[in-house]
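Keep in mind the model is a prediction, meaning the values are calculated, not measured. Every chain is numbered from 1, with letters handed out A, B, ... down the list of sequences.
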There are 2 protein chains.
Amino acid sequence: MTTLLDVARVAGVSRATVSLVCRNSPLVADKTRLKVQRAMAEVGYVYNRSAANLRSSLANTVVLIIPEIANPIYSDLLSGVEEILTPLGIAVFIADTIESLERQSQILLRMLEMRVDGLIISAVAGTSPKSLDAYIRMGIPVVQVMRGIEGAQFDFAGTNNRLGTRKATEHLLSLGHQRIAFVGSAISPSVNQQRYLGFCEAVEMHGLAVDAMPVILSRHSFNAGALATKTLLAQPVRPTGLICFNDPIAFGATLGLYELGLVPGKDVSVVGFDDIEAARNWRPPLTTMSIEAQLIGKHAAMLLAERMKNRDLPISSLVSEAVLKKRETSAPPRIRA
Amino acid sequence: MTTLLDVARVAGVSRATVSLVCRNSPLVADKTRLKVQRAMAEVGYVYNRSAANLRSSLANTVVLIIPEIANPIYSDLLSGVEEILTPLGIAVFIADTIESLERQSQILLRMLEMRVDGLIISAVAGTSPKSLDAYIRMGIPVVQVMRGIEGAQFDFAGTNNRLGTRKATEHLLSLGHQRIAFVGSAISPSVNQQRYLGFCEAVEMHGLAVDAMPVILSRHSFNAGALATKTLLAQPVRPTGLICFNDPIAFGATLGLYELGLVPGKDVSVVGFDDIEAARNWRPPLTTMSIEAQLIGKHAAMLLAERMKNRDLPISSLVSEAVLKKRETSAPPRIRA
DNA sequence: TTTTGTCTTTGTATCGATCTAAAATTCCGG
DNA sequence: CCGGAATTTTAGATCGATACAAAGACAAAA
């Protein structure tokens with residue numbers, strides 16, 4: 001295994017100089033730099049980050065902790081994060097907690113032991129702020145993304161859920177729908193609460209009774225969305241529009257409609273939430289609220305980068321607004337009420 | 001920041017003893033171990049992995065490099081890998097190359113610099129075996145998964161693609177289908193080649209003409225699958241069954257059928273490949289070939305673990321057989337030919 | 001009591017890069 | 001060609017855990 005010393009010997013300079021070249025410091029003269037780089041190539045030198053990290057306590061590494069890697073919004077989020085951090089020479093690792101508190105604390109400990117430079121976390125429901133105390137003690141910046149931790153004092157990047165569903169619901173109301181169902185989440189109670197509130201706001205602002213609007217909770221799968229939809233449409237008075245908690249549920253809803261011989265966007269309108277990539281590739285293309293996950297990722301990364309530069313900044317939130325993507329699953333209701 | 005020395009002082013033992021406790025060595029007496037653990041808790045000690053890694057050149061870390069994190073088969077793969085490696089005290093990191101050779105080499109370099117203990121890689125198309133030479137030089141074990149690298153001498157875990165599509169096609173043939181289309185991949189030429197071969201084999205073994213079977217290539221999106229399907233069904237002689245390259249394309253195919261007013265599994269049969277979680281949650285549940293990605297993940301991890309113990313083992317492959325998951329999108333053709 | 005052997009514990013050198021402060025070199029105007 | 005400033009380079013200590021060999025503790029056997 002070759003080290004700085006080997007390179008130094010071949011290049012005929014000191015260890016310290018080679019180290020400076022590694023970190024491309026402006027201190028070294030161009031001639032020397034070239035000589036060193038040639039020597040590095042010659043001996044096949046590979047930088048040892050553990051050693052560097054031990055001495056400098058800078059890992060140039062940030063971890064993105066997400067609850068469910070299979071959910072495509074997190075890959076959008078990741079690409080936003082990388083867009084900001086990669087040019088800064090920071091590597092981004094991903095860790096998947098699979099919605100398990102135990103796994104999450106394992107991962108948190110591991111990252112602490114690795115002395116990562118920062119954390120972007122979409123915490124599992126029920127996470128205690130105490131589980132991040134060690135990070136505060138060690139001065140490692142933490143940014144919350146998408147999901148906040150109750151009672152935690154960290155920067156946050158996310159979307160305005162309440163406003164988002166309000167806009168979605170207003171869209172259907174303005175198309176003339178009078179009976180709109182809310183297909184909520186049985187998985188993320190806190191976010192669901194916010195999104196349901198927005199739904200209620202829109203309905204009330206339109207002078208309709210919230211009680212008249214059916215509500216059902218669903219898991220985040222196609223099948224669950226389809227079942228929920230079939231249940232809703234089996235009721236005596238059918239809704240003409242569906243506001244879904246997220247896109248996968250909305251996809252399930254359209255599948256459920258097809259099974260009932262109904263055409264989404266013609267017989268019943270369906271609106272999703274998130275705007276994952278599949279939404280624009282759906283048939284028919286799904287009307288949904290875009291949270292612009294990639295932008296949220298950029299926000300989170302920017303907050304983290306700022307705080308890495310200066311830990312005394314006041315805590316801040318970057319809450320973006322979801323925008324309506326009107327596609328083909330929403331239209332005026334067939335029969336005006 | 002507290003170190004081994006701080007703990008040692010509080011516990012009244014030497015630094016070396018504390019180090020042994022960290023690695024829960026059986027050498028320390030139970031009484032001492034307890035004393036040390038109490039001291040650790042008291043001073044809030046956090047293990048420093050960079051220091052440990054520098055000295056022992058053991059990172060207890062393995063990286064899984066995948067080309068597309070949004071593809072759900074990789075999350076199954078990951079869970080299989082973790083099932084094997086986590087109990088061994090090895091942390092698994094995920095890195096996403098987003099099908100970019102440049103990003104892949106960045107990541108490979110980074111991992112080398114971190115002196116990870118092993119690599120499981122599903123390489124980007126066009127990867128040169130040379131890009132892994134440094135790993136051979138440094139004696140870091142590498143296992144290929146799902147996709148092989150042309151000309152590389154590493155262990156491999158994956159599925160038998162040819163046999164898989166052969167079985168899928170035989171399933172439709174045995175149901176009585178005479179005209180079956182192959183909806184291939186425009187993205188992964190090498191895997192597509194293998195899968196198409198299996199399709200041809202089945203057709204020929206059944207005494208039918210391969211030339212009579214329509215073939216079309218598709219990207220891996222719902223939309224592309226739907227379009228391909230509509231193109232196929234616009235032909236004068238319609239296929240009664242579709243063998244799709246993977247599940248997302250098959251999903252697209254069912255959506256395309258719905259748009260044409262046809263019912264998947266009744267009017268036209270659709271068979272997918274991979275058996276991602278969404279397949280059993282699809283409406284109707286999708287008939288598909290399960291590659292058991294989780295099992296493949298376990299295989300890859302086992303191969304890696306073996307090689308970490310002994311680098312002189314002969315190179316080996318673990319190729320598993322895909323199994324048919326007969327669900328509701330396949331049935332005998334409507335009109336017998 | 002001494003010897004032997006098993007269990008535990010420890011002192012010290014070491015891993016490879018970085019920090020610091022100081023030394024060496026170069027540059028330039030006078 | 002010199003002095004002083006600016007630019008480069010360097011020696012040596014250091015980060016925190018681990019390897020190794022050797023020492024200490026203790027019980028049982030002689």
Checking C:dG16, C:dT18, D:dT10 against the side chain of A:Ala51 (C-beta onward), the nearest is C:dG16

Touch check for B:Val18, heavy atoms < 4.0 angstrom, all strands: base, sugar-phosphate only, or nothing?
nothing

Give A:Ala16 one of three labels, base, sugar-phosphate or nothing, depending on what nucleic acid heavy atoms sit under 4.0 Å from its own.
base

At 4.0 Å (heavy atoms only), tell me whether A:Ser56 reaches a base, stays on the sugar-phosphate, or touches nothing.
sugar-phosphate

In whole angstrom, give the distance that lies between atom CG of A:Asp6 and atom P of C:dC15.
11 Å

Would you indicate which nucleotide in D:dA11, D:dA17, D:dG16 comes nearest to any side-chain atom of A:Ser14?
D:dA11

For A:Lys35 and A:Ala11, the nearest pair of non-hydrogen atoms, with its separation, is CE-O, 3.6 Å

Among C:dC19, D:dA17, C:dT8, the one nearest B:Ala29 by side-chain distance
C:dT8

Whole-Å distance between C:dC19 C1' and A:Asn53 CG?
15 Å

When we call it a touch if two heavy atoms are under 4.0 Å apart, what does A:Arg15 touch: a base, just sugar-phosphate, or nothing?
base

A:Thr17, nearest nucleotide to its side chain (from C:dA17, D:dT18, D:dT10):
D:dT10

Between A:Asp30 and B:Ser19, which residue's closest nucleotide on DNA chain D lies nearer the 5′ terminus?
A:Asp30

Roughly, in whole Å, what's the span from CG in B:Leu4 to P in C:dT10?
13 Å

side-chain contact (heavy atoms from CB on, under 4.5 Å), paired with A:Leu101, selected from A:Gln104, A:Glu99, A:Arg103
A:Gln104

With the side chain of A:Thr32 defined as its heavy atoms from C-beta on, choose the nearest nucleotide among C:dT18, C:dA17, D:dT9.
D:dT9

Take the protein atom CG of B:Leu34 and the nucleotide atom P of C:dT8, then report the distance between them rounded to whole Å.
14 Å

Here the distance between atom C1' of D:dA25 and atom CG of B:Leu27, to the nearest Å, is 15 Å

Figure out the CZ/P separation between B:Arg9 and C:dT9, and round it to whole Å.
20 Å

Backbone of B:Asp155 reached by a side-chain donor or acceptor of B:Ser316 within 3.5 Å
no

Quick one: is A:Arg23 getting a side-chain N or O under 4.0 Å of the C:dT18 phosphate, OP1 or OP2?
yes

Nearest-Å distance for atom pair CE/P, residues B:Met1 and D:dG16
9 Å

Between A:Thr61, A:Ile120, A:Leu85, which is the residue that forms a side-chain contact (heavy atoms from CB on, under 4.5 Å) with A:Val92?
A:Leu85

Find the distance B:Leu54:CG to D:dG16:P and express it as a whole number of Å.
12 Å

Closest to the A:Asn48 side chain, choosing from D:dT10, C:dA17, C:dA13:
C:dA17

Could you tell me whether a side-chain N or O of A:Arg33 sits under 3.5 Å from a main-chain N or O of A:Ser25, the two making a donor and an acceptor?
yes

